[in-house]
Structure formats: C-alpha cells, structure tokens
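Remarks on the structure that follows.
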Amino acid sequence: MSSALENLKLTSIQNRVEKTTIRVGDVTIGQDFVVMAGPCAVESEEQLMQTAEAVKAAGANMLRGGAFKPRTSPYDFQGLGLKALKLLEKAKRTYGLPIVTEVLDSRDVTWICEYVDILQIGARNMQNFALLKEVGKSSKPVLLKRGMYSTLKEWLNCAEYILSEGNPQVILCERGIRTFETYTRNTLDLSIIPSIREVTHLPVIVDPSHATGRLSLIKPMSLASVAAGADGLIVEVHYKPETALSDRDQQLNPTQFDDLMRDVLRLQKFMQTLGKSTDAVN
Ligand code: PEP
Ligand code: MN
C-alpha cells in the first residue's frame, strides 16, 4: 500500500483481507446489492408513507429520510426532528424497511439509535471527530459519507475513528466532491470505488442524487456505479418531488425510481455473471 495510506490500522485491507459485511434486516451489505431510497427529508406522514410504499414496491431494501437536515441557510427547512423519527418508525413497521437517517449532533446519537437501523454521517460532518467517536461507541451500523473536499486518506481516517471506538460496521458512501464544474451539483468520483477496493475491506455505496443534483443524470450515474463495483446505492425519491421542501430538483418520482430499479437490478445481475466468469478465468 502507498505510504500515504499507512497507519490505517483497522480499515486497511493489509490487516484484514475478508470484506466487511453488515447484516441489516434481511440484507447483508457488502454481500448483497443494497438500495436505500426515500425522501431527502421527512416532511409529513402522507409524504413519507406514500414514498415508502412506492420504494418498497419498486424493490428498495431500506428507507432513507432526513429528520435533522444540515442546510446551508439557517432559514431553510431544518427537518421535523423527533416527529420525523416517529414517522420513520411507523413506515418501518408498515413496510418492513430498515431506516437510515442522518445524525448531526453527538448529543443525539444515543436516543436516535432507538429509532433507526443505520446512522448516517453527512458530508458536512465527515470530520466531526466528536460525532465520529460517539457513533463509534454505538452498536448501529454507520453510513459515512465522503466530505465534499476530502481525499480518500482523510475519509478512511474518519472510518478509522469509528472502528477504533469499537464499532466495525462502517459503510462508505461516495456522494460527489466539489470541483470547478458547476453544471452538476458535485462531481461523482467513480474511480474512488475500485480505489476503495484496493485499500480497504469496508463496503462502499454511491449517492447519485447529491453527486449530480440533476434528475437526468441519476440513472446513468447509478448504472456507472454498479459497473464500477459499488455495493449499493442511496437515492432520493419523493412521492411528489415538485412539492419537496428540500432538494426538489434531484428527487425521483415513484415511476422514475421504478424504472431506475429495473435497469439497476438487470445490470447488477449481469455484473454477477461477469464476476463469476472472471473468477473462472483466474
Ligand atoms: C443527505 O443524504 O441527506 C445529505 C444531506 O447528503 P450529503 O451529506 O451527502 O450532502
Ligand atoms: Mn438531500
């Protein structure tokens, strides 16, 4: 391994060759392809339940939805907090989808764990070391998003913080990084997927919604992520995107998500046969 990545005692593939797998509900992340889908933010019971029903019907494995939103402006919708967590719990009970939601503050980790299956650390908090240590002490899997200005080394060191506190259940999430390009919201760094495979045993998923910020780009980038070997996707879906209180321009409607799932699952199947045939050659 390059010296730039030395000192990764727990996340390095040099110290653990077998891939990390994480059981959540009836899926094993790192082994089964996983799709997490749902609204950017939980906005109301009707919005969440209708969206959850739609993503479940299309084949998603987990429900995402922000209860606490990290917004650029303090005057923008900040999320419904506890009310949102209760709605997520209800959606989970009704549709059997495990919940992934973002935790913004280290003081909230313990009680939020009672409502969720996966704790999400957002891009803006990737290097919030107090928060990383706190989720490292919890027994819930952590979805660690890549900071928008972060290198692979910085990102893996953040995962290292979580593992070193005793929680080995970390899933990395590439969500695009800031470059000089402005047509897309961020620039999806697809080469990080096979790079991650070279240096760490942790699973990695892709968020094409925040990476592109554009509806038309979500399907091509999802398919490209599958082709690059991602372990899954996290996609924003809203039952009526035109009414969304945050990230209106990038949330798929149920029909668009259904269409995405068909192609993603077809490509995923094909990739598996490709993997088998390369195994045979090797
Ligand atoms: C999100 O997934 O809700 C989110 C805010 O994404 P990010 O932290 O990647 O910007
Ligand atoms: Mn969003």
Side-chain angles (χ1 to χ4, degrees), residues 34-43 47-48 51-52 55 60 62-74 76-81 84-85 87-88 98-105 108 112 116-128 131-132 135 141-150 154-155 158-159 170-179 184-190 192-193 204-215 217-218 221-222 225 230 232-253 256-257:
V34 62
V35 179
M36 308 173 184
C40 178
V42 177
E43 298 169 357
Q47 174 247 16
L48 186 67
T51 307
V55 301
M62 293 183 202
L63 180 63
R64 66 146 287 149
F68 300 92
K69 296 303 299 175
R71 304 305 301 281
T72 301
S73 164
D76 288 340
F77 177 60
Q78 302 284 309
L80 298 178
L85 294 172
L87 291 174
L88 286 165
I99 301 300
V100 51
T101 201
E102 178 166 355
V103 55
L104 284 182
D105 190 318
D108 295 334
I112 287 183
V116 308
D117 298 280
I118 299 183
L119 294 165
Q120 177 176 325
I121 301 292
R124 291 156 192 80
N125 264 319
M126 186 198 81
Q127 281 188 320
N128 179 338
L131 184 58
L132 296 177
V135 298
V142 178
L143 182 66
L144 179 63
K145 291 194 129 189
R146 181 184 186 178
M148 54 188 90
Y149 301 101
S150 305
E154 287 160 344
W155 190 11
C158 292
V170 173
I171 306 140
L172 301 168
C173 178
E174 160 63 27
R175 47 77 75 209
I177 49 175
R178 280 242 171 125
T179 65
T184 46
R185 184 172 176 181
N186 290 286
T187 296
L188 179 59
D189 180 9
L190 274 179
I192 211 71
I193 307 299
V204 59
I205 69 169
V206 171
D207 174 346
S209 307
H210 293 92
T212 65
R214 282 180 179 264
L215 275 187
L217 304 183
I218 298 194
M221 290 301 95
S222 297
S225 301
L233 298 169
I234 180 165
V235 185
E236 286 191 340
V237 183
H238 193 292
Y239 84 130
K240 286 180 188 164
E242 63 286 357
T243 67
L245 298 180
S246 57
D247 288 350
R248 194 172 290 179
D249 299 335
Q250 70 190 34
Q251 303 202 58
L252 299 177
N253 67 32
Q256 291 162 336
F257 180 64

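Values below: every heavy atom of this structure, side chains too, minus hydrogens, waters and symmetry copies. All ligand and atom numbering here is 1-based and tracks the order in the structure.
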Test log, rule side chain to side chain contact (heavy atoms under 4.5 Å, CB included), inputs Ile99 and Ile118: CA-CA 6 Å; Ile99 301 300; Ile118 299 183; over 6 Å; no
message: Suppose I only count heavy atoms of Gly122 and a 4.0 Å limit; which atoms of ligand 1 are within that range?
response: 8 (O)
message: Under 3.5 Å between any N/O of Pro70 and any N/O of ligand 1: does that happen in this structure?
response: no
query: Any non-hydrogen atom of Lys69 lying under 4.0 Å from ligand 1?
result: yes
query: Are the side chains of Arg248 and Pro241 in touch, meaning some heavy atoms are under 4.5 Å apart?
result: no
query: If you stand at the Mn ion (ligand 2) and look out to OD2 of Asp247 and NE2 of His210, what angle do those two lines make, to 10°?
result: 90°
- prompt: Does the side chain of Cys173 come within less than 4.5 Å of Leu144's, by heavy atoms?
  reply: no
- request: Just jot down the ligand 1 atoms closer than 4.0 angstrom to any heavy atom of Arg175, in number order.
  value: 7 (P), 9 (O), 10 (O)
message: Apply side-chain hydrogen bond (donor to acceptor under 3.5 Å, both in side chains) to residues Asp247 and His238 and explain how you reach the verdict.
response: CA-CA 10 Å; Asp247 288 350; His238 193 292; over 6 Å; no
field: Non-hydrogen atom of Met148 closer than 4.0 Å to ligand 1
entry: no
field: Single hit among Asp207, Asp189, Asn186 for side-chain hydrogen bond (donor to acceptor under 3.5 Å, both in side chains) with Arg146
entry: Asp189
message: Are Leu85 and Val116 packed together at the side-chain level, in the sense that at least one heavy-atom pair is separated by less than 4.5 angstrom?
response: yes
field: Identity and separation of the nearest protein heavy atom to atom 6 (O) of ligand 1
entry: Lys145 NZ, 2.9 Å
message: Suppose we only allow N, O or S atoms; which atom of Glu236 ends up nearest to the Mn ion (ligand 2)?
response: OE2
message: Starting from atom 8 (O) of ligand 1, what is the nearest protein heavy atom, named by residue and atom, and what distance separates them?
response: Ala123 N, 2.8 Å
- prompt: Which of the atoms in ligand 1, numbered in the order shown and given with their element, are less than 4.0 Å from a heavy-atom of Glu102?
  reply: 5 (C)
- request: Establish, from distance only, whether the side-chain atoms of Gln250 and Arg214 form a donor-acceptor pair under 3.5 Å.
  value: no
